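Reminder, nothing fancy here: chain letters follow the sequence lines and each chain counts from 1. On a predicted model such as this, the values are computed, not experimentally measured, just so you know.
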4 protein chains.
Amino acid sequence: MAAQKKITRAEQKALRPIQILDAAFEEFVRCGFAGTRVEDIADRVGVTKGTVYVYFETKEKLFEAMINHFSVPFQELLGITEGLSGSAIDRLLSILGLLYEQIAEDRTTRELTRLVIAEGHRFPDLIDRHHDQFIEPIIAKVDALILEGVASGEFREIPVEFSEIVVAPILTTTVLRLIFDDRRVPTPNKEAFLQAYFDLLLNGLLAKSH
Amino acid sequence: MAAQKKITRAEQKALRPIQILDAAFEEFVRCGFAGTRVEDIADRVGVTKGTVYVYFETKEKLFEAMINHFSVPFQELLGITEGLSGSAIDRLLSILGLLYEQIAEDRTTRELTRLVIAEGHRFPDLIDRHHDQFIEPIIAKVDALILEGVASGEFREIPVEFSEIVVAPILTTTVLRLIFDDRRVPTPNKEAFLQAYFDLLLNGLLAKSH
Amino acid sequence: MAAQKKITRAEQKALRPIQILDAAFEEFVRCGFAGTRVEDIADRVGVTKGTVYVYFETKEKLFEAMINHFSVPFQELLGITEGLSGSAIDRLLSILGLLYEQIAEDRTTRELTRLVIAEGHRFPDLIDRHHDQFIEPIIAKVDALILEGVASGEFREIPVEFSEIVVAPILTTTVLRLIFDDRRVPTPNKEAFLQAYFDLLLNGLLAKSH
Amino acid sequence: MAAQKKITRAEQKALRPIQILDAAFEEFVRCGFAGTRVEDIADRVGVTKGTVYVYFETKEKLFEAMINHFSVPFQELLGITEGLSGSAIDRLLSILGLLYEQIAEDRTTRELTRLVIAEGHRFPDLIDRHHDQFIEPIIAKVDALILEGVASGEFREIPVEFSEIVVAPILTTTVLRLIFDDRRVPTPNKEAFLQAYFDLLLNGLLAKSH
DNA sequence: TATGAATGAGGATTCATTCAT
DNA sequence: AATGAATGAATCCTCATTCAT
C-alpha cells in the first residue's frame, strides 16, 4: 500500500491503459462483446466511464486493442519454437508440449480463443490476423517438421494434411475446458494427458501384432 | 408449391413457432445472444415483434427453445450408434465417421457449438444438459469401444483418457471451420480427411521400423 | 374534450408525426439544432423519447423533415403569384405585399428563416433546396415583372440586379424582428410599412423638382 | 517574421486571450454556441482545453467576450460617420456606402450578424447591447439625415419610418451571403450594387413621365 | 392470432469543467 | 501559465417488452 503511494502521475498514466485492457479482457470474456457494458469495465478499474474513453475511442476499438494486447505472449511462443534442436520427433513433441501449455493451460489464451470463436463475425480483421499470425505459422511449422521426419526416416510417409489432426487434441482440450469451465471437466493432468497424447500420436491404436 | 397452398390456418399456426425458431437460429448465430434484436428475428419470418412474443415469453426463453429445437438431430445420432455391428475397429470408425458428419459437416450442429462456446456463461443449464446428453454419452461410447477392442486384442493397452484425444480431430475441424468460416479454410474433403484421420489414429506417426 | 375521445388509433397515428414536427419546430427555434434535446420535443407532445424515434430515425432527419413540413405554405405562395392580373406595377406590389405577409408577418416562415441562417452550415442540402425553390423563383418573378414594366413603359430602364434591392425591405423587416423579437422593435404596422415601402420604391427619395 | 521572434513571455501572455478569441470566433461561427467544443477552440490555438479555462471562466463567458471583442470595429464606424460633411444626399450615401463595406463586405461583421440571429435567444443581454449600440444609433443617424434633407429641400416629404427601408438592401445582401455563403450567390460587385442601390433609392422605379 | 404504437430503462458516447502537477 | 487526466452529468439512440385494437 505504501508502495502504491509512490506512483507518480506519469507512471499512473502509463499504467491506466493496461489496467483498462485487463479489465476489458475480464468483462468481454464474461459477457461477450455486445453484452459487456463499458461502465463495468470502468468500475473494475475504479474509474468512471469517461476515463475509458480518454484512452479508447469506442468499445470496438477497445475490444480490438484488448485482443492485440493479449495476443503478444502467443506470438512470443512462435519465436521460441525456432530455437529448438534435436530429432524431428523431439522437436515435434516439444512444440506440441509448448502449444499445450500456451493454448490449453493458459487461461488468457484459452479465453482469447473463446472470443475469437464467439465474436469472429463482428471482427473479420481480427480473424484474418489470427489466421495469418497464429494458425498458419503453426500449421506450417508442424508440416515442415513432419516432412523433415519423413525425410530422415523417423516418420512414415503420410499426407501433409495430417498437421491439423496432429495438433487437434490441444485445441479440443482447450475448447472442452472453455465449454465446461472447470465445472464438469476436472482440471486435466498435464503429464498424463501429454503422455497419452504422444503415445497415441506416435504409435496409433492398433495392437502391434495387427 | 401446390401442396403449400393447402396449408390450413391450423397448420400455419403450428408452423409459426418453427419458423421463429429457424429465424432465431440464424440471428443468434450471426450476432450472439446479446447482439441479436428480436425485431430482426421477426423480420426474417415476415411478422412483427409482437408475434414473437405471442409464442415466446422472453428473448432468453426463445434462445433456450431454439437450442433445444436444434439439438434434436444430434440426439438421434446417439441412437443410431447403438445399432452398429462388426469389430470394435469397424464400429469405432463408423461412430467417428458419423460424428464427423454430424458435428463438423452439418452447419447447424457446428453453429450450435459456436453458441455453446460463446453463450455458455449466460446459460449454465444449457451447458449442463449439453454435457449430460452429448459429451458424456459419446465419451462413454468411445471409452467402451476402446475397452472392448483392447479386450478382443484389436487395440493395444491404452489409458481410458484417450477418448478425448481420439475424437479430437472432429471437434478441431468443427472449430476451425467456425473460426475461419469457409473464407480462409477451404471446405475440407471428407474422404481424404477421414482416411488421414483414421490412418493416423490406428497406426501413429512412427515409421514401422522404429 | 369529448371530441378528443373519438380519436381512433388510426387517426392518432396519422396525427403523431405532425404533433412531433410541430413540437420540433418550437424546440429547434428556441434552442437551435445542437441545443435542442429530443426529450424536450417528446415532452412537448406528451410522449416519451422513444416515440419520437418511432417516427424519425435521428435528430437530423427530424430536423430536415420539420423544415420540409413548414416550407409547404411558402411554396403555395409561389403558386398564388401565378394567378395575378393587372398592370406590372399592380402585380409587383401585390407580390411584394404577399411576400411581406408570408415572410415578415408569419411567425413560422420568419423562424424558418432563422433556422436557415443559423443551421445552414450543418445542412447544406437544405440551403440548396431553399435557394432553388424559394429565392430563385422569387427573384426570377420580380426580374420578369420589372422587365415587363420597363417594356410597357411603366418603369424606367433599370438593371435587372435591382430585384434583390426591391425585395430587401421585406427580408430586413423579417431579420430585425428575428433579432429583436417583439421586445425592442414594436410589432410593425403593416399598412404604414407597405405604404412607405411602395412609395419609396416607386418614387425614390429625391424631391420632384430635383 | 523577425519581429515575431522578439515576442517576450509577457507579450505572449497578453496575446493568448486574443488568440483564443480569434479561434472562438471561427468555431462559434462554424458550429454555433451549443455545437462548438471548447477543445476545438483550444486545438485551433494549439493549446489544451485547460488553457482556455485559464483565461475564460466558462464557455458562455468566452462567447460573450468574443462577441464584444469583434464588435469594436463596428463601433468605430459610428464615430467615422460623425465627421462627414457635404449635402444631406452626399452624407447619406457615404454612410450607406460605409455600412455596406462594414456589414455586407466584412466577413467578421457578417458572421457576427449570423451569431446575433442564431444565438440571440440564449444571450438577451447581447441583443440588447447590439440594439443600443448599433441599430439604434444607425437608424437615428439615417432618420436625422433624412429630416435634414427634407428641410433643405433635397428630399421630398416622407415618413420617418423609411429609415429601415433605406438601409434594407445592405442587411439583405449580408443575410443572403450568410445563407448562400459564396456558393450559390456570386460575390457581389460593390460598385454595380451601390450604383443600382443608390439609383433606385433616389429615383424610384417609375418612369419619369409617370 | 397478429399488430405495431408506445414505453422506459439502459447503454454508448460526448464534453464542459476541475485540479493536481 | 499550462497541462491533460479524470470526472460525471447530459444526451442520443436502442431495444426488450407491453397492450389496446
Nucleotide nearest [X] when distance is taken to its side chain, options [options]:
X: A:Tyr53; options: F:dC13, E:dT17, E:dA12; answer: E:dA12
X: B:Arg16; options: E:dA2, E:dT13, E:dA16; answer: E:dA2
X: B:Val54; options: F:dA2, E:dA16, E:dA2; answer: E:dA2

Starting at [atom1] of [X] and ending at [atom2] of [N], how long is that distance when rounded to a whole Å?
X: C:Ile20; N: E:dA5; atom1: CD1; atom2: P; answer: 11 Å
X: A:Asp43; N: E:dG11; atom1: CG; atom2: P; answer: 12 Å
X: D:Asp40; N: E:dT14; atom1: CG; atom2: P; answer: 12 Å
X: B:Lys59; N: F:dT18; atom1: NZ; atom2: P; answer: 14 Å
X: A:Arg37; N: F:dC13; atom1: CZ; atom2: P; answer: 21 Å
X: D:Phe63; N: E:dA16; atom1: CZ; atom2: C1'; answer: 16 Å
X: B:Ile41; N: F:dT17; atom1: CD1; atom2: C1'; answer: 14 Å
X: D:Lys61; N: E:dT17; atom1: NZ; atom2: P; answer: 10 Å

### Shortest non-hydrogen separation from C:Glu27 to C:Asp40 and the atoms involved
OE1-CB, 3.7 Å

### Task
Might you point out which heavy atoms bring D:Leu21 and D:Ala65 nearest each other, and give the distance in Å?
CD2-C, 3.8 Å

### Task
Let me know, please, whether A:Glu39 or C:Val52 comes out on the 5' side of the other along DNA chain E by nearest nucleotide.
C:Val52

### Query
Can a salt bridge be assigned to the pair C:Lys61 and C:Glu64 using a cut-off of 4.0 Å between side-chain N and carboxylate O?
no

#### Entry: Touch class at under 4.0 angstrom, heavy-atom based, for A:Tyr55 against every strand present
sugar-phosphate

### Query
When the nearest nucleotide of DNA chain F is assigned to B:Glu60 and to C:Glu57 on a heavy-atom basis, which residue is associated with the more 5' position?
C:Glu57

### Task
Determine whether D:Ile67 and D:Leu112 make a side-chain contact, defined as any pair of heavy atoms from C-beta on separated by less than 4.5 Å.
yes

### Result of checking D:Phe123, D:Phe70, D:Phe63 against D:Phe28 for ring-ring contact (aromatic ring centres under 6.0 Å, His included)
D:Phe63

#### Entry: Under 3.5 Å donor-acceptor pair, C:Lys49 side-chain atoms to E:dG11 base atoms
no

### Message
Only pairs with both distances under 3.5 Å count, Watson-Crick or wobble alike; so what is the partner of E:dT21 in this structure?
### Response
F:dA2

### Task
Kindly say if D:Thr48 contacts the phosphate of F:dT3, meaning a side-chain N or O under 4.0 Å from OP1 or OP2.
yes

### Task
For F:dA1, take OP1 and OP2 only and decide whether either is under 4.0 Å from a side-chain N or O of D:Thr51.
no

